[in-house]
Amino acid sequence: MTATDTLGDVRGKRVLVRSDLNVPLDGTTITDDGRIRASVPTIKALADAGARVVVTAHLGRPKGAPEDRYSLAPVAARLGELLGAPVAFATDTVGESAQGVVAGLADGQVALLENVRFNAGETSKDDAERGAFADQLAALADAFVSDGFGVVHRKQASVYDVAQRLPHAMGNLVATEIDVLRRLTETPERPYVVVLGGSKVSDKLGVIDNLLGKADKLLIGGGMVFTFLKAQGHEVGKSLLEEDQIPVCLEYLKRAADTGVEIILPTDIVVADSFGDEASARVVAADAIPAESLGLDIGPESGKAFAAALADAKTVFWNGPMGVFEQAAFAEGTRAVAEALTKTGDLGGLSVVGGGDSAAAVRTLGFDEAAFGHISTGGGASLEYLEGKELPGITVLEARTDSGLEG
Ligand SMILES: Nc1ncnc2c1ncn2[C@@H]1O[C@H](COP(=O)(O)OP(=O)(O)O)[C@@H](O)[C@H]1O
Ligand SMILES: O=C(OP(=O)(O)O)[C@H](O)COP(=O)(O)O
């Protein structure tokens, strides 16, 4: 069922589409446009059906006020190239520019609003503040399509509250992502291995709690490693560390041992003197990280061990690069895991890579997307789905059934 099936005739209607266009940038250059490409089919289908399409999205984590480095302007240009038609860009989200741009749209044309997180109301924990901002967003449109899978776990104005204010539908990208993930939750073929990495450490440590009851093995890389190593009594130098999560990590290690789930941690680490200093990159034992250095990748021995642990997997979910893959000196751990996942399909298994940066990593390291079972646009969203958590951006769509547009 497509968004237009649910909404009915959208010709001449203003349709607000929440997409996840949170792409990696080097200055104003988009280094991986996967999320933009994944968003095109829904936008194009609506435009082809004659809707006036108003896209809203975020980039990075600005703190509720404009910041040039998080502007969506480069994304508007790329979206226009991919659509083969210009995309009007509003320099604010709900202000004069947005109102003018939306009013100027003809049927079948597309606009992109500036970063929705430049507005404090978007991410506010206060329902009234979020609601007031959602009112402003909703005033720009006649209907809402939720297509930003990477944000459906966020109870934010453009994801959740706006759906309560407009006739709405699920976009094709969200529907497709949920279909694949359902296979992983309902009957995962075993061994079921989950690989976790990346830098959103506090977000992801939480999901281990639930995954310990589901997966057979948990491989830990990326920035999360160091809180575990510290919990085991090792020094981690200047590496990413969530001190307050040390007791939680200890509890996970104990529970894994009690329940027979394997938690595999790296035994060697690529460290550097400062963040991104490739010249100083060297391999040290995981229990001997020098006080003045920081860990930026899992080491070669760990890469081999992770690949061996993945060799017989029938179901794999991977979120979060093993290291700072954006730089060659810290990319090998991520490459080793990606390489191992490409073999899962040969065994008749299912490999799923989830997350903006994880997906970008496999592509920028030169892997063929077709070698993986599925490349998901959402990391945190996929993890929360696999945990069995309710995703606010999905439940809000199911809550109301009177979604069709009138006349
Ligand atoms: N040891 C580390 N220290 C700091 N950053 C890291 C480390 N390992 C990986 N990263 C960074 O994590 C980022 C991706 O994390 P995250 O956003 O959690 O993943 P995803 O977008 O796939 O969900 C990458 O930019 C990578 O450079
Ligand atoms: O990059 C994203 O998620 P991911 O890193 O979990 O894949 C989404 O755009 C959500 O961003 P957020 O984690 O800042 O809410």
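Note that these values count all heavy atoms, side chains included, but never hydrogens, waters or copies made by symmetry. Note that the structure is a prediction, hence the values are computed from the model and not measured. Read the numbers this way: they start at 1 and go in the same order the structure lists the ligands and their atoms.
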Give yes if a backbone or side-chain nitrogen or oxygen of Gly379 is under 3.5 Å from a nitrogen or oxygen of ligand 2, and no if not. yes
Judged by modelled atom types alone, do Glu114 and Thr93 share a side-chain donor-acceptor pair under 3.5 Å? no
Which atoms of ligand 2 have any heavy atom of Gly355 under 4.0 Å away? 7 (O)
Would you call Asp179 and Arg182 a salt bridge, taking side-chain N to carboxylate O under 4.0 Å as the test? yes
Using a 4.0 Å heavy-atom cut-off, which part of Leu240 comes near ligand 1: side chain, backbone, both, or neither? side chain
Could you please spell out the steps behind the side-chain contact (heavy atoms from CB on, under 4.5 Å) verdict for Val337 and Leu219? CA-CA 10 Å; Val337 165; Leu219 313 188; 5.7 Å; no
Is the backbone of Asp277 close enough, under 3.5 Å, to the side chain of Ser274 for a donor and an acceptor to pair up by distance? no
Answer yes or no: is there a side-chain heavy-atom contact under 4.5 Å between Asp357 and Phe325? yes
Any salt bridge between Asp127 and Arg130, counting N to O under 4.0 Å? yes
Please list the nearest protein heavy atom to atom 11 (C) of ligand 1 with its residue and the distance rounded to 0.1 Å. Ser199 CB, 3.8 Å
Tell me, which protein residue and heavy-atom name are nearest atom 11 (O) of ligand 2, and how many Å apart are they? His58 NE2, 3.3 Å
Sub-4.0 Å atoms of ligand 1 with respect to non-hydrogen atoms of Gly222: 1 (N), 8 (N)
What atoms of ligand 2 come within less than 4.0 Å of a heavy atom belonging to Gly356? 7 (O)
How far is atom 6 (O) of ligand 2 from the closest protein heavy atom, and which atom is that? Gly380 N, 2.7 Å
For Arg61, is at least one N or O under 3.5 Å away from an N or O on ligand 2? yes
Those atoms of ligand 2 less than 4.0 Å from some heavy atom in Asp20: 8 (C), 9 (O)
Once you restrict to heavy atoms under 4.0 Å, what part of Asn319 touches ligand 1? Side chain, backbone, both or neither. side chain
Counting each atom of ligand 2 from 1 as listed, which ones have a heavy atom of Arg154 under 4.0 Å away? 12 (P), 13 (O), 15 (O)
Using a 3.5 Å cut-off on N or O atoms only, is Lys200 in polar contact with ligand 2? yes
Measure Phe226 to ligand 1 on non-hydrogen atoms and call it side chain, backbone, both or neither using the 4.0 Å cut-off. side chain
Among all protein heavy atoms in this structure, tell me which lies nearest to atom 22 (O) of ligand 1, with the distance rounded to 0.1 Å. Ser358 OG, 2.6 Å
Minimum-distance protein heavy atom relative to atom 17 (O) of ligand 1: Asp357 OD2, 3.3 Å
Between Glu387 and Lys214, is there a salt bridge with N-O shorter than 4.0 Å? no
Nearest non-hydrogen protein atom to atom 27 (O) of ligand 1, with distance, is Glu326 OE1, 2.7 Å
Any nitrogen or oxygen of Asp297, main chain or side chain, under 3.5 Å from a nitrogen or oxygen of ligand 1? no
Quick test of your reading of the model: are Glu251 and Lys254 salt-bridged, counting only N-O distances below 4.0 Å? no
Closest protein heavy atom to atom 10 (C) of ligand 2, given as residue, atom name and distance to 0.1 Å: Gly150 O, 3.4 Å
Which ligand 2 atoms are under 4.0 Å away from a heavy-atom of Asn22? 1 (O), 2 (C), 8 (C), 9 (O), 11 (O)
Could you tell me the residue and atom name of the protein heavy atom closest to atom 5 (N) of ligand 1, and the distance to it rounded to 0.1 Å? Val324 CG2, 3.8 Å
What I want to find out is whether Lys304 reaches Glu301 closely enough, with some N-O distance under 4.0 Å, to be called a salt bridge. no
For atom 2 (C) of ligand 2, find the nearest protein heavy atom and state the residue, atom name and distance (0.1 Å precision). Arg35 NH2, 3.3 Å
Report, in ascending order of atom number, the atoms of ligand 1 lying under 4.0 Å from any heavy atom of Gly223. 1 (N), 2 (C), 7 (C), 8 (N)
Evaluate side-chain hydrogen bond (donor to acceptor under 3.5 Å, both in side chains) for Gln245 paired with Ser202, printing each intermediate quantity in order. CA-CA 8 Å; Gln245 299 292 315; Ser202 39; over 6 Å; no
Ligand 2 and Thr377, any nitrogen or oxygen pair closer than 3.5 angstrom? no
Please report whether ligand 2 has a polar contact with Gly378, defined as an N or O pair separated by less than 3.5 Å (distance criterion only). no
Specify side chain, backbone, both or neither for Gln156, according to which of its non-hydrogen atoms lie closer than 4.0 Å to ligand 2. neither
Pair Ser19-Asp147, side-chain donor/acceptor within less than 3.5 Å: no
Could you check whether Glu292 pairs with Lys238 (Lys NZ or Arg NE/NH1/NH2 to Asp/Glu carboxylate O, under 4.0 Å)? no
Could you go step by step and tell me if Val54 and Val110 meet the side-chain contact (heavy atoms from CB on, under 4.5 Å) rule? CA-CA 6 Å; Val54 182; Val110 178; over 6 Å; no
Donor-acceptor pair, distance only, cut-off 3.5 Å: does the side chain of His374 make one with the backbone of Val352? no
Does a salt bridge link Arg282 with Asp273, judged by any charged N lying under 4.0 Å from a carboxylate O? yes
To check your reading of the model: name the closest protein heavy atom to atom 19 (O) of ligand 1, its residue, and the distance in Å. Lys204 NZ, 3.4 Å
Would Arg18 and Ser158 count as having a side-chain donor-acceptor pair, cut-off 3.5 Å? yes
Asp203 bridged to Arg61 by N-O distance under 4.0 Å: yes
Hey, does Arg117 come in under 3.5 Å of ligand 2, counting only N/O atoms on both sides? yes
Which residue owns the protein heavy atom closest to atom 1 (N) of ligand 1, what's the atom, and how far is it? Gly295 O, 3.1 Å
